[in-house]
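This report concerns only the one structure given below.
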Amino acid sequence: MSIKPKFYVKDLKNHVGEEVTLKGWLYNKRSSGKIQFLILRDGTGYVQCVVFKGNVTPEIFEAAEKLTQESSFEVVGKVKAEPRSVGGYELDVTDLKIISIAQEYPITPKEHGIEFLIDNRHLWVRSKKQVAILKVRARIVKAIRDFFDSHGFTLFDPPIITPNACEGTSTLFEMDYFDLGKAYLTQSGQLYEESGAMALGKVYSFGPTFRAEKSKTRRHLTEFWMVEPEMAFYDLDDNMDLAEEFIEYIVQTVLNDCKEELIILERDTSKLENIKRPFPRISYTEAVEILKRKGVDFQWGNDFGGTDETIIGDEFDKPVMIHRYPTEVKAFYMKRDPENEKVVLAVDVIAPEGYGEIIGGSQREDNLDLLLQRINEHGLPQSFFEWYLDLRRFGSVPHSGFGLGLERTVSWICGLEHLREAIPFPRMIYRNTP
RNA sequence: UCCGCGGUAGCUCAAUGGCAGAGCAUGCGGCUGUUAACCGCAGGGUUGUAGGUUCGAGCCCUACCCGCGGAGCCA
């Protein structure tokens, strides 16, 4: 026997005048003596169910009275268009069955502090705003896959467990790996993607990555999702063209497909409608000039901090692509600019409205000798990178790629204050539960 | 690791060094169109922990614990 629902709230508009059965949870309740208004949510939407004392048996009316916030129940009723009701439709209840009465639910319709909400993240995800964010996240994930799948890319999954640091810079989560000593959780699949690009031309990976840095800001998680395309025969300009088209596609897809969610999130969509190619492209050196013009005491050669990024980003109403960073502040695998040895062919994309870096990418060093030199300069053990150097020994080609942080993108598009709401169960330096 | 702010009822917050309070949630009662409904009543407290100052400490002092915001680091 099947118990799965035949109707969901999102389908009600096609069943006006019909009697349907809905299953879900009580989001909120209001009553006025002989009439009760039950707000049912079922994951697809919210609908007000009206229980009139005259229309139902005393038992059914009493059952409705017993329902507490987040109790689960099944309700039968006739769908009608009702402008007074949120969502425009409501259900005239004729029958109601309690599935499970909820204990006193901790998250009330009033305000809560962030500590309490995160402690109750497993329940918090039921809230209207969180449901909207998670739906937008899911839509962005699909948009990302659709974009690459339809642009000639092949999904190429890198390992999560790795023997060494990819970039040799950030701190990694460490573990014992049987008799082989230490292993680490990946901080990027990029080096592996490069081998994929040499095999399949254009590849991408999409999955969780891990950073053990003790960053304690609204822009950091220790576990976050990253999409990393890597393309053979792409130079920096080709890379930027792709990044630009990619971001435009994601934003325009969400605008088109997540209208209700963006309303719930009270997002100013005019700022998103503006996210159309071309995006401004400035060099690092030009970005430094912007900072100096704004009165920031900034030395050419340093990396930008969070506030620097915001100042630069505020100069533009679209994502800004900053390219050609000083060699010293960037990773060993980035190709040096043939026209200026002091900079590498890297690009960071800064989202508007203070959301910071959402993309970091570069053209990769494809010359074996120069790559070896860079590995030595960074004090990295060459033995770990022999397989990576092979990619330059056996038919090396110019190639490029980038990584986009999913949660930062979700956060920007949804207009969130903090990255922790952009993932179901955030992992942060002082928080790994629930 | 550093700087700043905070910890009082299940939750969000008040309380001049002088009786520990409100709203929401919960329970009971009322109301036939509510929109975070409303009205009445009730229960609910080791004020983060340990010390200290004081006639008297939620409030002042010391240490510690926990959290939040930021810096550094990083995407």
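Reminder, nothing fancy here: chain letters follow the sequence lines and each chain counts from 1. Computed over heavy atoms, backbone and side chain alike; hydrogens, waters and symmetry mates excluded.
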Completion exercise
For nucleotides 64-72 of chain B, 5' to 3', base contacts (B), sugar-phosphate-only contacts (S) and non-contacts (-) with protein non-hydrogen atoms under 4.0 Å give ---SBBBSB
Practice task
Among B:A75, B:G27, B:U35, find the nucleotide with the atom closest to the side chain of A:L419.
Solution key: B:A75
Problem - P gap between B:G58 and B:G48, integer Å - result: 10 Å
Exercise for the section: Give the rounded distance in Å between these two atoms: CD of A:E70 and C1' of B:C11. Expected result: 16 Å
Practice task
Check every strand shown and say whether A:F37 touches a base, only sugar-phosphate, or nothing at a heavy-atom separation below 4.0 Å.
Solution key: base
Exercise for the section: Tell me what A:G405 touches on the nucleic acid: a base, only sugar-phosphate, or nothing, going by heavy atoms under 4.0 Å. Expected result: nothing
Problem - Length of the line joining A:Y355:OH and B:A75:C1', which is rounded to integer Å - result: 16 Å
Exercise for the section: Using whole Å, report how far CD1 of A:I35 lies from C1' of B:C38. Expected result: 15 Å
Fill in the blank from the handout: Secondary structure of RNA chain B per the Watson-Crick/G-U criterion (both distances under 3.5 Å; [ ] crossing, | other strand, . unpaired) is (((((((..((((....[..)))).(((((.......))))).....(((((..]....))))))))))))....
Practice task
Write down the distance separating the C1' atoms in B:U53 and B:C39, rounded off to the nearest Å.
Solution key: 49 Å
Problem - Phosphate contact (B:U34 OP1 or OP2) by A:R30 side-chain N/O below 4.0 Å - result: no
Handout entry: C1' gap between B:U32 and B:A20, integer Å
Key = 41 Å
Practice task
Could you grab the distance from atom CD1 of A:I60 to atom CD1 of A:I98, nearest 0.5 Å is fine?
Solution key: 11.0 Å
Practice task
Classify the nucleic acid contact of A:S31 as base, sugar-phosphate or nothing, counting any heavy atom under 4.0 Å across all strands shown.
Solution key: base
Fill in the blank from the handout: Side-chain atoms of A:T108 come closest, of B:U12, B:A25, B:G33, to B:A25
Practice task
Would you mind reading off the distance between A:F116 atom CZ and B:G10 atom C1', rounded to a whole angstrom?
Solution key: 7 Å
Handout entry: Selection residues 281-306 of chain A - residue pairs positive for salt bridge (charged side-chain N to carboxylate O under 4.0 Å, His left out), sequence neighbours left out
Key = A:D241-A:R281, A:E244-A:R281, A:R293-A:E315, A:K294-A:E315
Problem - Under-4.0 Å salt bridge between A:D119 and A:R431 - result: yes
Practice task
Would you state whether a donor and an acceptor, one from the side chain of A:Q36 and one from the base of B:U34, lie under 3.5 Å apart?
Solution key: no
Practice task
Using a heavy-atom cut-off of under 4.0 Å over every strand shown, decide if A:K129 touches base, sugar-phosphate, or nothing.
Solution key: nothing
Exercise for the section: Show the numbers, then the answer: is there a side chain to side chain contact (heavy atoms under 4.5 Å, CB included) between A:F304 and A:I322? Expected result: CA-CA 11 Å; A:F304 300 127; A:I322 306 175; 4.2 Å; yes
Handout entry: Atom pair CD1 (A:I140) and CD1 (A:I413), whose distance is rounded to the nearest 0.5 Å
Key = 4.0 Å
Handout entry: Rounded distance in Å between the P positions of B:C5 and B:C19
Key = 28 Å
Handout entry: B:C38 versus B:G33 - spacing of their C1' atoms, nearest Å
Key = 13 Å
Completion exercise
Against the side chain of A:K34, the closest entry in B:G33, B:U32, B:A25 is B:U32
Problem - Nearest heavy-atom neighbours spanning A:D348 and A:G361 - result: OD1-N, 4.3 Å
Handout entry: Cationic N near anionic O, under 4.0 Å, A:K78 to A:D92
Key = no
Exercise for the section: Identify whether any heavy atom of A:Q48 sits under 4.0 Å from a base atom; if not, whether one sits that close to sugar-phosphate; answer base, sugar-phosphate or nothing. Expected result: base
Practice task
Find the distance A:K29:NZ to B:C38:P and express it as a whole number of Å.
Solution key: 15 Å
Practice task
Assess A:K128 against A:Y46: is NZ or CZ under 6.0 Å from the centre of the six-membered ring, and within 45 degrees of the ring's axis?
Solution key: yes
Practice task
Identify whether any heavy atom of A:Q103 sits under 4.0 Å from a base atom; if not, whether one sits that close to sugar-phosphate; answer base, sugar-phosphate or nothing.
Solution key: nothing
Exercise for the section: Taking atom P in both B:C13 and B:U54, compute the distance separating them and give it to the nearest angstrom. Expected result: 35 Å
Practice task
Could you tell me the separation between the CG atom of A:D348 and the P atom of B:A75, rounded to a whole number of Å?
Solution key: 8 Å
Exercise for the section: For A:E65 and B:C31, give me the distance from atom CD to atom P, rounded to whole Å. Expected result: 11 Å
Problem - Charged N-O contact under 4.0 Å between A:E407 and A:R137 - result: yes
Handout entry: Distance in Å, A:K276 NZ paired with A:K318 NZ, rounded so as to fall on 0.5 Å steps
Key = 9.0 Å
Handout entry: Separation between the P atoms of B:A9 and B:G70, rounded to whole Å
Key = 26 Å
Problem - Face-to-face stacking of A:F224 with B:A75, centres under 5.5 angstrom, angle under 30° - result: yes
Handout entry: Integer angstrom distance from the P of B:G69 to that of B:U12
Key = 14 Å
Exercise for the section: Check the side chains of A:R30 and A:S32 for a donor-acceptor pair under 3.5 angstrom, ignoring hydrogens and angles. Expected result: no
Completion exercise
Taken to the nearest whole Å, OH/A:Y89 to C1'/B:G33 is 20 Å
Handout entry: A:E90 vs A:I429, nearer the 5' end of RNA chain B by closest nucleotide
Key = A:I429
Handout entry: A:T307-A:T310 side chain donor-acceptor pair, cut-off 3.5 Å
Key = no
